[in-house]
Amino acid sequence: MTEYVPPPVDRRLPTEEARDLMALVRELAAREIRPSAAEEEEAGRFPRTLFTLLSESGLLSLPYAAEFGGGDQPYEVYLQVLEELAAARLTVGLGVSVHTLACHALAGYGTKEQRAEHLPAMLGGGLLGAYCLSEPAAGSDAASLTTRATRSGDTWTIEGTKAWTTHGGVADFYTVLARTGGSGPHGITAFLVPGDAEGLRPARPERKMGMKGSPTAQLHFDGVRVPDARRIGEEGQGFSIALSALDSGRLGIAACAIGVAQAALDEALAYTAGRRQFGRAIADFQGLRFMLADMATQVEAGRALYLSAARLRDAGLPFSKEAAMAKLFCTDAAMRVTTDAVQLLGGYGYTVDFPAERYMREAKVLQIVEGTNQIQRMVIARHLAGPEAH
């Protein structure tokens with residue numbers, strides 16, 4: 001019997017350039033990412049050299065302006081690239097999304113001089129970024145963060161601890177949100193902090209259920225000195241900058257979730273086509289066919305939802321509600337699809353010999369990062385019914 005090979009996703013891309021880009025991404029994923037993904041995740045190895053290759057290939061700069069070394073691609077295209085990368089290995093897809101998030105503040109709110117000085121290296125110079133918003137006691141309630149930056153002349157001194165930092169300890173730069181004024185969201189300012197800044201100490205990476213190859217760590221800022229030239233935006237503007245970044249970042253998480261779900265669906269299709277019981281392939285049994293149909297429907301619906309939100313963003317229209325919807329739906333769908341993939345593989349689905357169990361463990365974190373799905377429901381409800389009464 002011929003082994004079943006799922007076809008590539010049929011993508012509606014807006015330009016010939018985008019189609020060539022997608023072919024490049026698929027070839028790179030097949031050659032450089034997918035073959036070693038399971039082994040490297042099991043060993044907890046972070047693919048730092050791979051991110052250098054992605055930078056050299058222009059894949060760390062896709063949605064940013066060509067003026068500063070960006071790829072000038074619409075979000076509609078960038079997110080589909082993320083999906084392909086995440087399908088090959090979530091550590092890579094999510095890593096590209098986090099790097100893009102880390103560049104957002106400077107690209108969108110930096111001065112012309114700041115962008116000219118820093119963005120070319122950040123976007124295409126082999127550097128890798130990270131984003132520091134959450135703290136041990138300020139997760140979903142990010143406006144209550146306590147890491148403080150104190151000004152003396154033209155220098156800021158940062159004291160505090162950031163938590164749950166993807167690429168913590170391996171990043172070359174950090175976009176850091178710190179309190180420069182009073183309590184609440186209006187007292188927060190954004191800074192661009194070098195990864196080798198004196199007084200910046202990463203803790204031991206967290207021991208996680210999945211994504212073991214992607215380091216997640218606390219960062220301790222013990223008197224880290226940053227020149228005012230590395231302050232991004234106005235004093236007190238940091239929280240609005242952070243929210244703007246998260247709207248876009250949530251679309252990145254949605255795309256990564258659909259990538260993982262697609263990989264799980266492909267694995268389930270290949271297995272059920274090849275596994276024979278009672279004299280025929282188990283893909284011929286109606287109960288399993290219905291599961292596959294439901295899985296595929298969820299993947300397609302999630303992809304349509306994140307692309308619809310991306311097209312709003314590309315058109316310069318409000319997309320905060322739609323980004324929250326996409327993040328919510330796509331990550332919940334990924335959890336359902338990966339769980340069903342494990343079920344379809346039976347006992348084999350529970351072993352590390354097949355990737356289904358890894359997809360299931362990885363999908364879980366996507367319901368949590370960049371705003372839990374409970375927070376997404378709050379965001380959506382505020383758009384529909386207005387702020388909550390207190």
Side-chain angles (χ1 to χ4, degrees), residues 63 75-76 79 94 97-98 100-102 104-105 108-109 131-147 162-164 166 175 177-179 181-190 232-234 236-258 298 301-336 363-390:
Y75 247 64
E76 174 187 3
L79 292 177
L94 188 69
S97 181
V98 166
T100 302
L101 179 70
H104 180 277
Y109 298 87
Y131 190 74
C132 299
L133 176 61
S134 295
E135 297 181 2
S140 295
D141 184 15
S144 67
L145 64 84
T146 59
T147 294
K162 291 295 181 180
W164 310 114
T166 301
T175 295
L177 283 302
R179 189 163 301 285
S183 61
H186 301 297
I188 296 169
T189 302
I232 303 172
E234 301 298 327
Q237 192 182 8
F239 196 69
S240 61
I241 292 174
L243 292 182
S244 169
L246 287 174
D247 281 342
S248 298
R250 285 166 180 163
L251 291 181
I253 299 301
C256 286
I258 294 304
Q298 291 175 79
R303 183 176 292 124
L305 192 57
Y306 86 63
L307 286 174
S308 176
R311 290 170 185 136
L312 288 175
R313 186 190 189 281
D314 290 334
L317 299 171
F319 69 101
S320 179
K321 178 188 68 176
E322 290 77 9
M325 288 177 167
K327 198 273 184 184
L328 168 64
F329 183 89
C330 292
T331 59
D332 280 354
M335 195 70 245
R336 289 191 296 270
K364 182 66 230 177
V365 77
L366 299 175
Q367 295 178 300
I368 299 170
V369 296
E370 293 191 32
T372 67
N373 283 5
Q374 287 68 37
I375 291 294
Q376 304 314 312
R377 289 176 170 89
M378 290 173 61
V379 171
I380 296 164
R382 284 173 188 160
H383 281 279
L384 296 175
E388 301 91 332
H390 293 286

On a heavy-atom basis, the closest approach of Leu79 and Ala310 is CD1-CB, 3.6 Å

More than 12 heavy atoms of other residues, nucleotides or ligands under 6.0 Å from NE2 of His186: yes or no?
no

To the nearest 0.5 Å, atom CD1 of Ile241 lies from atom OG1 of Thr175 at 9.5 Å

Nearest heavy-atom approach of Ser144 to Ala137 is OG-O, 4.3 Å

Next on the checklist: Keeping Lys321 on the side-chain end and Val379 on the backbone end, is there a donor-acceptor pair under 3.5 Å?
Outcome noted: no

Output for pair (Leu307 CG, Leu251 CG), nearest 0.5 Å, gives 9.5 Å

d(Phe319 CZ, Asp314 CG) to nearest 0.5 Å is 9.0 Å

- Query: Hey, is the main chain of Thr331 close enough, under 3.5 Å, to the side chain of Asn373 for a donor-acceptor pair?
  - Reply: no

For Thr147 and Glu135, does a side-chain donor sit closer than 3.5 Å to a side-chain acceptor? yes

Closest heavy-atom pair, Ala254 versus Ala326, reported as atoms and distance to 0.1 Å, is CB-O, 3.6 Å

With distance as the sole test, does Arg179 use its side chain to make a donor-acceptor pair with the main-chain N or O of Gly182 at under 3.5 Å? yes

* To do: Evaluate side-chain contact (heavy atoms from CB on, under 4.5 Å) for Gln237 paired with Ile232, printing each intermediate quantity in order.
  => CA-CA 9 Å; Gln237 192 182 8; Ile232 303 172; over 6 Å; no

Indicate yes or no for a side-chain donor-acceptor contact from Lys327 to the backbone of Val369 under 3.5 Å, with no hydrogens or angles considered. yes

Expected output: side-chain Ser308 to main-chain Leu305 donor-acceptor under 3.5 Å: no

Residues Pro318 and Leu312: closest non-hydrogen pair is O-CD1, 3.8 Å

Closest heavy-atom pair, Ala245 versus Tyr131, reported as atoms and distance to 0.1 Å, is CB-OH, 4.0 Å

Taking the side chain as every heavy atom from C-beta outward, state whether Leu317 and Arg311 have any pair of such atoms under 4.5 Å apart. no

Cys330 and Gly302 have their tightest heavy-atom pair at SG-O, 3.3 Å

d(Phe239 CZ, Leu133 CG) to nearest 0.5 Å is 7.0 Å

Check your understanding: Is there a side-chain contact between Arg313 and Glu322, using heavy atoms and a 4.5 Å cut-off?
Key -> no

So OG of Ser320 and CE of Met325: to nearest 0.5 Å the spacing works out to 10.5 Å

ask   = Between Glu370 and Arg250, is the closest basic N to carboxylate O distance under 4.0 Å?
value = no

dist Ile380:CD1 -> Ile375:CD1 (nearest 0.5 Å) comes out at 11.5 Å

